[in-house]
Amino acid sequence: MASYSEEQGEDYLFKIVLIGDSAVGKSNLLARFARDEFYPNSKSTIGVEFQTQKMDIGGKEIKAQIWDTAGQERFRAVTSAYYRGAVGALLVYDISRRQTFDSIGRWLNELHTHSDMNVVTILIGNKSDLKDAREVSTAEGKTLAEAQGLFFLETSALDSSNVTAAFQTVVKEIYNILSRKVILSQEHKKQESWMGNGKTMVLQGDASETEYHQSRGCCSS
Ligand code: GTP
Ligand code: MG
């Protein structure tokens, strides 16, 4: 069946960035999600890589363009270019290394400095398979996510758990926000034509949507 978006000539491309300390598993989360692959001995990413993945969200075809760079400063892509235009972010730490959890505040600052405050963000505790080496509890992750208004999931790129769910959570929420904007603009248009002036509504973010996103807290399953 031809998708609705094709018929309507609509095309959704969402830029999503992966961020977090070196070796938390950003590249492997992307490899698992996009190609169902895992590299036990992967090297640090150099520069920037991205992968475009088609996703079906409520019958619409959406392309997620997922960007990946090194966690370590000296290997990183130019920061401002990396974040430019991003509408979603996966902020990753390693549940077996507390230091990577302690860095989350710094990554959030960087994200908010270089991108829109409304960028849909999920906090990810990766390597949930390393049960015996755990240094950060699930409760701590959840609490931080709630305090910062982020979604939250623990994942494992090794055993695949929650990897697709993590990317889907972000893409779905971006799509929902976009849909609400379109609906709001259509309601506005209706009202205006009813009032007899034919002005066109310009699509913009609004504060109520930010509150909506931030008040819903985390979504661990
Ligand atoms: P940089 O590119 O340096 O920022 O690192 P990165 O965050 O991309 O980490 P990468 O994906 O390269 O993974 C680092 C190491 O952790 C590799 O040896 C992976 O095999 C391992 N790793 C990644 N994800 C998991 C996981 O879910 N479980 C386990 N046990 N190991 C993982
Ligand atoms: Mg990498």
Side-chain angles (χ1 to χ4, degrees), residues 11-35 37-39 42-55 57 62-95 97 99-127 141 144-145 148-153 155 157 162-175 177-178 204-205 209-210 213-214:
D11 203 9
Y12 294 98
L13 181 72
F14 298 158
K15 175 175 173 179
I16 293 165
V17 291
L18 281 158
I19 50 176
D21 282 0
S22 184
V24 295
K26 298 179 297 296
S27 299
N28 274 280
L29 284 166
L30 181 53
R32 178 61 82 193
F33 176 62
R35 307 186 296 275
E37 287 170 0
F38 181 78
Y39 305 93
S42 63
K43 295 212 170 69
S44 210
T45 305
I46 294 177
V48 56
E49 291 170 4
F50 69 81
Q51 190 105 34
T52 304
Q53 182 72 10
K54 282 184 190 166
M55 296 171 77
I57 303 289
I62 290 173
K63 293 191 189 89
Q65 188 183 72
I66 302 149
W67 291 51
D68 179 28
T69 189
Q72 230 177 320
E73 200 66 47
R74 65 194 166 111
F75 293 136
R76 295 186 65 194
V78 178
T79 307
S80 56
Y82 188 69
Y83 288 104
R84 190 172 305 130
V87 288
L90 282 81
L91 177 43
V92 188
Y93 65 93
D94 173 351
I95 63 132
R97 278 192 299 142
Q99 193 197 325
T100 66
F101 183 68
D102 294 339
S103 302
I104 292 299
R106 273 195 292 117
W107 286 108
L108 268 177
N109 277 340
E110 184 173 291
L111 176 66
H112 291 149
T113 305
H114 294 280
S115 62
D116 196 288
M117 277 303 285
N118 298 322
V119 58
V120 175
T121 308
I122 184 168
L123 180 66
I124 292 182
N126 188 41
K127 309 198 188 181
L144 178 62
Q148 298 292 332
L150 314 172
F151 290 98
F152 174 69
L153 277 177
T155 60
N162 276 339
V163 175
T164 304
F167 287 95
Q168 258 171 357
T169 298
V170 171
V171 171
K172 252 191 208 156
E173 177 67 3
I174 297 165
Y175 181 70
I177 291 172
L178 199 69
Q204 287 174 331
E209 283 167 5
T210 313
H213 172 59
Q214 292 187 337

Next on the checklist: Is any side-chain heavy atom of Tyr83 closer than 4.5 Å to one of Val119?
Outcome noted: no

Checklist entry - Looking at CZ of Phe101 and CG of Leu123, how far apart are the two atoms once the value is rounded to the nearest 0.5 Å? => result 6.5 Å

Result block: side-chain N/O donor-acceptor pairs under 3.5 angstrom for residues 13-35, not counting sequence neighbours:
{"from": "Lys15", "atom 1": "NZ", "to": "Ala81", "atom 2": "O", "distance (Å)": "3.3"}
{"from": "Lys15", "atom 1": "NZ", "to": "Tyr82", "atom 2": "O", "distance (Å)": "2.8"}
{"from": "Lys15", "atom 1": "NZ", "to": "Arg84", "atom 2": "O", "distance (Å)": "2.8"}
{"from": "Asp21", "atom 1": "OD1", "to": "Ser103", "atom 2": "OG", "distance (Å)": "3.3"}
{"from": "Asp21", "atom 1": "OD1", "to": "Trp107", "atom 2": "NE1", "distance (Å)": "2.8"}
{"from": "Asp21", "atom 1": "OD2", "to": "Ser103", "atom 2": "OG", "distance (Å)": "2.7"}
{"from": "Lys26", "atom 1": "NZ", "to": "Gly20", "atom 2": "O", "distance (Å)": "3.0"}
{"from": "Lys26", "atom 1": "NZ", "to": "Asp21", "atom 2": "O", "distance (Å)": "2.9"}
{"from": "Ser27", "atom 1": "OG", "to": "Thr45", "atom 2": "OG1", "distance (Å)": "2.7"}
{"from": "Ser27", "atom 1": "OG", "to": "Asp68", "atom 2": "OD2", "distance (Å)": "2.6"}
{"from": "Asn28", "atom 1": "OD1", "to": "Tyr39", "atom 2": "N", "distance (Å)": "2.8"}
{"from": "Asn28", "atom 1": "ND2", "to": "Ser42", "atom 2": "OG", "distance (Å)": "3.0"}
{"from": "Arg32", "atom 1": "NE", "to": "Ala157", "atom 2": "O", "distance (Å)": "2.8"}
{"from": "Arg32", "atom 1": "NE", "to": "Ser160", "atom 2": "OG", "distance (Å)": "3.2"}
{"from": "Arg32", "atom 1": "NH1", "to": "Asp36", "atom 2": "O", "distance (Å)": "3.4"}
{"from": "Arg32", "atom 1": "NH1", "to": "Asp36", "atom 2": "OD1", "distance (Å)": "2.9"}
{"from": "Arg32", "atom 1": "NH2", "to": "Ala157", "atom 2": "O", "distance (Å)": "3.2"}
{"from": "Arg32", "atom 1": "NH2", "to": "Leu158", "atom 2": "O", "distance (Å)": "2.9"}
{"from": "Arg35", "atom 1": "NE", "to": "Glu37", "atom 2": "OE1", "distance (Å)": "3.0"}
{"from": "Arg35", "atom 1": "NH1", "to": "Gln51", "atom 2": "OE1", "distance (Å)": "2.7"}

Checklist entry - Shortest non-hydrogen contact from Gly125 to Tyr93? => result CA-CZ, 3.5 Å

Checklist entry - Roughly how far apart are Leu153 CG and Asn126 CG, rounded to 0.5 Å? => result 11.0 Å

Checklist entry - Are the side chains of Phe167 and Ile122 in touch, meaning some heavy atoms are under 4.5 Å apart? => result no

Next on the checklist: Can you list everything that forms a ring-ring contact (aromatic ring centres under 6.0 Å, His included) with Phe38? Sequence neighbours excluded, please.
Outcome noted: none

Next on the checklist: So, using salt bridge (Lys or Arg N to Asp or Glu O under 4.0 Å) as the criterion, who are the partners of Lys127 when residues are at least two apart?
Outcome noted: Asp94

Checklist outcome for this item: One should read off an interatomic distance between Ile104 CD1 and Leu111 CG, to the nearest 0.5 angstrom, of 11.0 Å

Item to check | From Glu173 atom CD to Ile57 atom CD1, the distance as rounded to the nearest 0.5 Å | outcome: 11.5 Å

Checklist entry - Picking from His112, Glu110, Arg106, what satisfies side-chain contact (heavy atoms from CB on, under 4.5 Å) with Leu108? => result His112

Item to check | side chain to side chain contact (heavy atoms under 4.5 Å, CB included) between Thr79 and His114, intermediate numbers included | outcome: CA-CA 8 Å; Thr79 307; His114 294 280; 3.6 Å; yes

Next on the checklist: With rounding to the nearest 0.5 angstrom, report the CG to CD1 distance, Leu90 to Ile124.
Outcome noted: 4.0 Å

Checklist outcome for this item: Closest heavy-atom pair, Ala166 versus Thr155, reported as atoms and distance to 0.1 Å, is CB-CG2, 4.1 Å

Item to check | Mutual orientation of the aromatic rings belonging to Tyr175 and Tyr12 [parallel < 30°, tilted 30-60°, perpendicular > 60°] | outcome: perpendicular

Checklist outcome for this item: Taken to the nearest 0.5 Å, the spacing of Thr164 OG1 from Gln53 CD works out to 8.5 Å

